[in-house]
Amino acid sequence: MNAYVGTATSRVDGRAKVTGAAKYAGEFSANGLVHGFVVEASIPRGRIVRIDTDEALKVAGVLDVLTHANRPPLADKDDAWKDEVAPEGSPFRPLYDDRIKFNGQPIALVLAEEWETAKFAATLVRIDYEQDEFVTDLEAERGSANEMDKPHKPRGDAKAALAATGLRHEADYLLPTEHHNPMELFATTTVWDDGRLTVYDKTQGVQNVQKYLCSVFGKKPDEIRVLSPYVGGAFGSGLRPQYQVVLATMASLALKRSVRVVLTRQQMYGLGYRPMTIERVALGAGPDGTLDAITHEAIAMTSRYEDFSRNDTGWAEQLYKSPNTYFSHKLVDLDVATPCDMRAPGAATGVCALECAMDELAVALKLDPLELRLKCYSDRDQSEDLPYTSKQLRECYARGAEAFGWSRRDPTPRSMRDGKELVGWGMATGVWEALQMPVAVRIVLTANGHAEVSCAASDIGTGTYTIVAQVAADALGLPIENISVRLADSTLPQAPVEGGSWMAASSAHAVLAAAEDIRQELARLAKAMPDSPLADIDTHNVTLANGMIASNGKNAAAVSIADVMRHSNLERIEKEKLNEFAEDKSHARNTHSAVFAEVTVDEELGVIRVTRVVSAVAAGRILNTKTGRSQIMGSVVWGIGMALHEETQMDHRFGRIMNANIAEYHIPVNADIHDINVIFVDEPDERINKLGIKGLGEIGIVGVPAAIANAVYHATGKRIRRFPITLDKLLE
Amino acid sequence: MADTTIPEPIPINLVVNGERRALEIVPWTTLLDALRDRLELTGTKKGCDHGQCGACTVLVDGRRVNSCLTLAVMKDGAEITTIEGLARDGTLHPLQQAFIDHDAFQCGYCTPGQICSAAGLLAEGRARDADEIRELMSGNLCRCGAYPNIVAAIEQAMSRS
Amino acid sequence: MNNFDYSRASDVADAIRLLTADPGAKLIAGGTNLIDLMKENVERPSRLIDISRLPLRAIEETAGGGLRIGALVPNSDLAYHPFIEQRYPLLASAILAGASAQLRNMASVGGNLMQRTRCAYFYDTTTPCSKRSPGTGCSAMDGLNRNHAILGTSQFCIATNPSDMSVALAALGALVHIAGPSGQRSIALTDFHRLPGDKPHLDTNLGSGEIITAIELPPQTFVRNYSYLKIRDRLSYAFALVSVAAALELEGNAISEARLALGGVAHKPWRSLEAEAALRGKAATPDHFGHAADLLLQGATAGSHNGFKIELARRAIVRTLMQAASATPQSQAHKKIA
């Protein structure tokens with residue numbers, strides 16, 4: 001019964017969010033709450049010679065100033081600091097010692113009765129540094145890059161093929177550092193209860209944080225509980241435990257009180273980010289537009305203490321047919337904080353470079369860019385030569401092109417105009433993985449026809465509350481109003497961090513699995529009722545619908561669930577189930593998209609407006625067309641920001657980010673956004689999982705920046721390979 | 001030697017969502033922090049604390065302002081409307097309902113500011129088409145990128161008011 | 001934020017008295033810029049003098065046919081005031097190009113004139129900045145200066161004034177009325193802001209103990225041929241890379257009066273009487289506009305990253321003058337540039 005799955009269901013947490021009732025991490029109160037304010041380093045590398053906290057401690061209401069010199073004990077082994085998504089290396093430890101590893105590193109925490117007092121006293125903490133030589137400029141250090149393990153094995157001889165090919169395009173594309181800038185500030189509130197801590201944290205994974213805190217502070221699992229019922233956006237920035245949760249916990253243990261630490265917007269630039277990456281792409285093709293060779297070499301930045309890298313290269317290999325390929329991924333160690341995942345990590349940047357390069361190749365070949373994609377189209381994953389569980393990318397191209405009106409495009413750059421504006425149409429392909437992870441769900445069905453569904457997974461705005469309620473309502477045959485969903489509490493059944501677009505499929509199937517146990521239990525009980533009309537049923541062949549349990553088949557008998565439970569003297573039935581997906585190495589699992597963008601560019605002034613975007617997405621079955629559409633739309637907005645606006649600017653003389661705010665780090669505002677048409681292409685997929693779900697969190701951004709850059713080229717004849725495309729680059 | 005004394009609190013009165021609230025407040029306290037920390041009205045959000053995002057938007061004497069750049073002492077006697085004061089007797093304000101209908105948010109963090117800002121926009125009566133809504137709502141950032149849905153929600157509320 | 005005392009001024013004289021008594025004191029009205037800078041510890045006033053309740057909110061016609069605008073009129077009230085919308089649409093348009101609806105509701109006219117630069121180094125107390133800490137040098141000179149000044153710079157400072165409203169006021173020939181310990185005086189808006197010279201910490205020529213009481217607009221209104229064009233890195237809620245206020249009086253296609261001012265390019269709104277004079281008596285053609293642009297941009301110099309601004313400004317000037325000449329002023333909501 002699908003009353004809800006696949007429909008445009010409004011968010012079940014909508015009312016809480018529009019009335020201000022939804023509470024975020026920094027909004028929980030506690031008796032005697034202490035406020036912490038972070039003091040951060042102003043040099044990128046060196047040592048703290050002296051921290052003078054005397055004046056800060058004199059301020060009335062200041063309780064303590066924690067530094068590396070007086071902090072409570074912390075674990076001293078790297079393993080203890082490694083969370084479930086930590087990269088290789090030695091994780092950052094806040095207030096651990098006197099070493100400065102990046103500008104903006106937390107070095108003290110001022111604790112006071114009032115937030116304003118702590119913030120004031122923080123200005124009175126004096127620090128003397130011994131500064132070491134430092135480097136923060138990826139482009140300048142490009143030559144010192146170190147090869148990571150080969151992300152994909154080469155095929156054929158790409159070098160020779162490129163040398164021999166009829167037509168070759170090769171270029172560097174430069175994607176700058178970007179910061180997630182979720183609207184909510186990173187925050188933690190700890191509630192102290194006689195040695196036990198309840199921690200409200202801004203995180204994408206409460207169990208990840210809980211395990212991490214226990215390990216860092218040497219606590220038993222039942223001494224720390226972590227919750228994040230609402231998360232004000234994260235986009236990857238909350239995958240790893242961030243330093244404010246360590247500081248708040250540390251302060252709570254030191255003072256034996258409840259503590260709140262909220263970072264400033266500026267301090268959030270000392271967390272993770274999308275690393276600046278230089279992407280070198282070379283494509284060789286025959287005159288007919290078939291590829292001879294693809295090489296993609298990425299050079300990205302990381303910190304000196306951890307090797308963060310993602311798959312920037314390799315999307316090309318999977319997507320397009322080519323007999324010869326070569327990929328490499330290099331890292332440059334800099335005196336900066338470790339990068340982290342940011343919406344479609346690797347793909348947003350890598351596919352941007354690839355799809356710009358494909359556009360340049362199409363121009364060189366005098367082929368329509370869409371036609372080039374179709375010539376290189378592959379129904380099999382080229383990297384492993386595997387079939388896909390489903391791949392409706394061809395349909396995405398067709399539906400997207402039709403909705404956009406692509407066939408009316410004049411291929412000549414600068415050929416389309418509207419008064420003083422040049423009009424450009426560009427397109428690109430998007431691809432992401434369809435991942436799924438083990439998740440457990442508990443369902444408690446009560447005799448009054450209500451069910452509580454609970455799981456440790458987070459809803460970071462992605463709609464997890466809503467899809468869990470939808471799947472549960474359908475599986476239990478109840479109206480969605482009768483389902484209450486509890487999420488993001490570390491004491492609830494197991495879930496991984498919410499990321500990688502895996503949570504929809506993973507949580508939905510866990511709900512199905514737990515609901516299946518409930519159904520079988522009900523069937524067993526119904527069968528055992530005296531004079532049961534269901535006495536002869538197969539307990540595996542029943543349906544729950546409209547508050548009834550019914551045997552499948554025509555004119556089948558049915559009994560109300562309430563009656564079954566009453567007869568069985570049961571107030572509640574509780575089932576918890578861990579769902580794991582069978583490993584299937586025989587197929588590739590991906591989502592795809594075709595993105596078409598229209599820009600107008602003022603010919604004289606270079607002002608760019610993105611007037612239309614069509615994003616046709618093939619991502620299996622869409623659980624909720626309303627929230628799903630919003631996710632893609634929001635991703636397109638991200639893509640517009642990536643193409644035109646976003647860039648973290650560092651002054652390498654100081655090793656310091658100079659636009660650490662959201663006035664000068666530009667993200668799109670309402671006036672920047674116009675028509676965004678989201679098309680979900682039908683993509684039945686019976687192999688990937690029972691419901692055919694693939695996930696939507698990342699796919700929407702992939703390809704968007706390239707489609708816009710390609711449109712800007714089509715409008716102006718100028719190829720901008722250094723993102724973002726600001727108007728000065730068009731005036732050059 | 002720096003001055004380590006902290007300022008003396010000053011008594012003020014605010015009428016918050018129709019209710020008179022007496023406060024002793026240190027002058028450096030912003031209206032935003034007074035609402036969130038002192039009155040426990042956490043519906044008003046802190047997203048930047050510098051007037052760059054609009055998450056803290058409330059109505060002061062009927063006008064939308066950034067409460068993060070407003071000192072509470074300076075608003076002694078003012079009428080403040082926050083997101084908690086928009087619904088009447090459990091019935092959502094038309095903008096609140098429209099935001100749900102159009103899925104005009106994802107994470108929900110900018111939402112109270114968007115809705116209060118939109119309430120101010122409706123009262124101003126200056127937005128006549130979608131472009132004017134976009135421009136006059138550009139002081140409210142939404143990182144989830146719900147802008148087209150926000151515009152649609154405001155158009156719905158506008159057409160029904 | 002530092003510790004400060006708070007006083008509410010009872011009238012203008014009281015404000016002047018409080019200001020004079022405490023050299024570290026600052027006036028506060030809308031607070032949109034001052035509170036921001038106090039949170040960054042860039043501004044550390046010993047006392048805030050709250051003038052927000054002073055009776056400086058009137059918009060009145062002057063005997064000479066102009067308009068007198070109280071210093072505490074909120075920016076939005078000014079932009080939407082019928083007198084401004086109908087008689088000084090250039091000013092209304094410039095105000096609406098700035099900040100956000102919320103900030104315009106808060107910010108006062110006087111405060112808008114007093115807003116400080118958005119230079120990132122000025123804001124970051126860990127970096128040298130002669131405007132913030134006299135004598136420490138200019139970090140922007142050899143740093144990130146893509147949005148810095150191209151006109152009127154000095155070796156000590158290349159910061160820009162971020163106001164949009166002031167650009168229109170400069171073009172319109174506004175007067176600033178000031179009250180102070182030694183009485184009242186008025187100065188032209190174009191003389192109100194300073195160039196950085198060797199004292200970049202001084203943004204304006206306001207003396208100690210002085211307070212802006214009103215802005216006066218002269219009778220000439222430019223109701224038909226005007227435009228305010230702001231070019232920025234996103235389509236709203238961002239500071240100008242370059243902005244242009246242009247106003248013309250036309251007789252047929254001949255220019256009888258021209259006004260032209262630039263924003264985002266200097267430490268003050270940039271106006272050149274020579275450029276305007278060159279337009280008078282000429283036909284409204286792109287060539288003449290280009291010549292005026294060249295005159296207005298005379299002496300422009302670029303740093304390492306802001307060279308594009310010179311050509312951008314030139315093109316923007318010509319375009320804005322064309323918009324003004326054809327009576328198709330730039331809409332601040334509809335982003336297509338006519």
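For a residue to count as touching a neighbouring chain, one of its non-hydrogen atoms must lie under 4.5 Å from one of that chain's; by this rule C/Ile337 touches chain A with backbone and side chain alike. Only the backbone of A/Ile662 has a heavy atom closer than 4.5 Å to any heavy atom of chain C. Both the backbone and the side chain of A/Phe120 come within contact range of chain C, with heavy atoms under 4.5 Å apart. Residue contact with chain A, scored on non-hydrogen atoms closer than 4.5 Å, involves the backbone of C/Ala338 exclusively.
Put simply, the side chain of A/Tyr273 reaches to within 4.5 Å of the side chain of A/Val336, judged on heavy atoms. In this structure, the side chains of A/Pro724 and A/Pro176 come closer than 4.5 Å at one or more pairs of heavy atoms. Looking only at side-chain heavy atoms (C-beta outward), C/Ile317 and C/Leu296 come within less than 4.5 Å of each other. C/Val242 has its side chain within reach of C/Val265: a pair of non-hydrogen atoms, C-beta onward, lies under 4.5 Å apart.
Distance check: A/His180 NE2 to A/Leu271 CG gives 9.0 Å after rounding to the nearest 0.5 Å. Taken to the nearest 0.5 Å, the CD1 atom of A/Ile608 stands 8.0 Å off from the CD1 atom of A/Ile720.
Ranked by non-hydrogen atom pairs under 4.5 Å with chain A, the options C/Ala238, C/Gly143, C/Ala316 are led by C/Gly143.
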Enumerate, including both backbone and side-chain atoms, all donor-acceptor pairs under 3.5 Å from chain A to chain C.
{"residue": "A/Lys119", "atom": "NZ", "partner": "C/Lys39", "partner atom": "O", "Å": "3.3"}
{"residue": "A/Asp418", "atom": "O", "partner": "C/Lys336", "partner atom": "NZ", "Å": "3.4"}
{"residue": "A/Asp418", "atom": "OD1", "partner": "C/Lys336", "partner atom": "NZ", "Å": "3.1"}
{"residue": "A/Asp418", "atom": "OD2", "partner": "C/Lys336", "partner atom": "NZ", "Å": "2.8"}
{"residue": "A/Asp602", "atom": "OD1", "partner": "C/Arg319", "partner atom": "NH1", "Å": "3.0"}
{"residue": "A/Asp602", "atom": "OD2", "partner": "C/Arg319", "partner atom": "NH1", "Å": "3.3"}
{"residue": "A/Asp602", "atom": "OD2", "partner": "C/Arg319", "partner atom": "NH2", "Å": "2.4"}
{"residue": "A/Glu604", "atom": "O", "partner": "C/Arg315", "partner atom": "NH1", "Å": "2.7"}
{"residue": "A/Glu604", "atom": "OE1", "partner": "C/Arg319", "partner atom": "NH1", "Å": "2.9"}
{"residue": "A/Asp651", "atom": "OD2", "partner": "C/Tyr121", "partner atom": "OH", "Å": "2.6"}
{"residue": "A/Arg653", "atom": "NH1", "partner": "C/Ser139", "partner atom": "O", "Å": "3.4"}
{"residue": "A/Arg653", "atom": "NH2", "partner": "C/Ser139", "partner atom": "O", "Å": "2.6"}
{"residue": "A/Arg656", "atom": "NE", "partner": "C/Asp124", "partner atom": "OD1", "Å": "3.4"}
{"residue": "A/Arg656", "atom": "NE", "partner": "C/Asp124", "partner atom": "OD2", "Å": "2.5"}
{"residue": "A/Arg656", "atom": "NE", "partner": "C/Thr126", "partner atom": "OG1", "Å": "2.9"}
{"residue": "A/Arg656", "atom": "NH2", "partner": "C/Asp124", "partner atom": "OD1", "Å": "3.2"}
{"residue": "A/Arg656", "atom": "NH2", "partner": "C/Asp124", "partner atom": "OD2", "Å": "3.4"}
{"residue": "A/Ile667", "atom": "O", "partner": "C/Arg234", "partner atom": "NH1", "Å": "2.6"}
{"residue": "A/Asp672", "atom": "OD1", "partner": "C/Leu235", "partner atom": "N", "Å": "2.8"}
{"residue": "A/Asp728", "atom": "OD1", "partner": "C/Arg146", "partner atom": "NH2", "Å": "2.9"}
{"residue": "A/Asp728", "atom": "OD2", "partner": "C/Arg146", "partner atom": "NE", "Å": "3.1"}

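Applying the ring pair (Phe, Tyr, Trp, His ring centres under 6.0 Å) criterion to C/Phe289, with sequence neighbours excluded, gives no partner residue.
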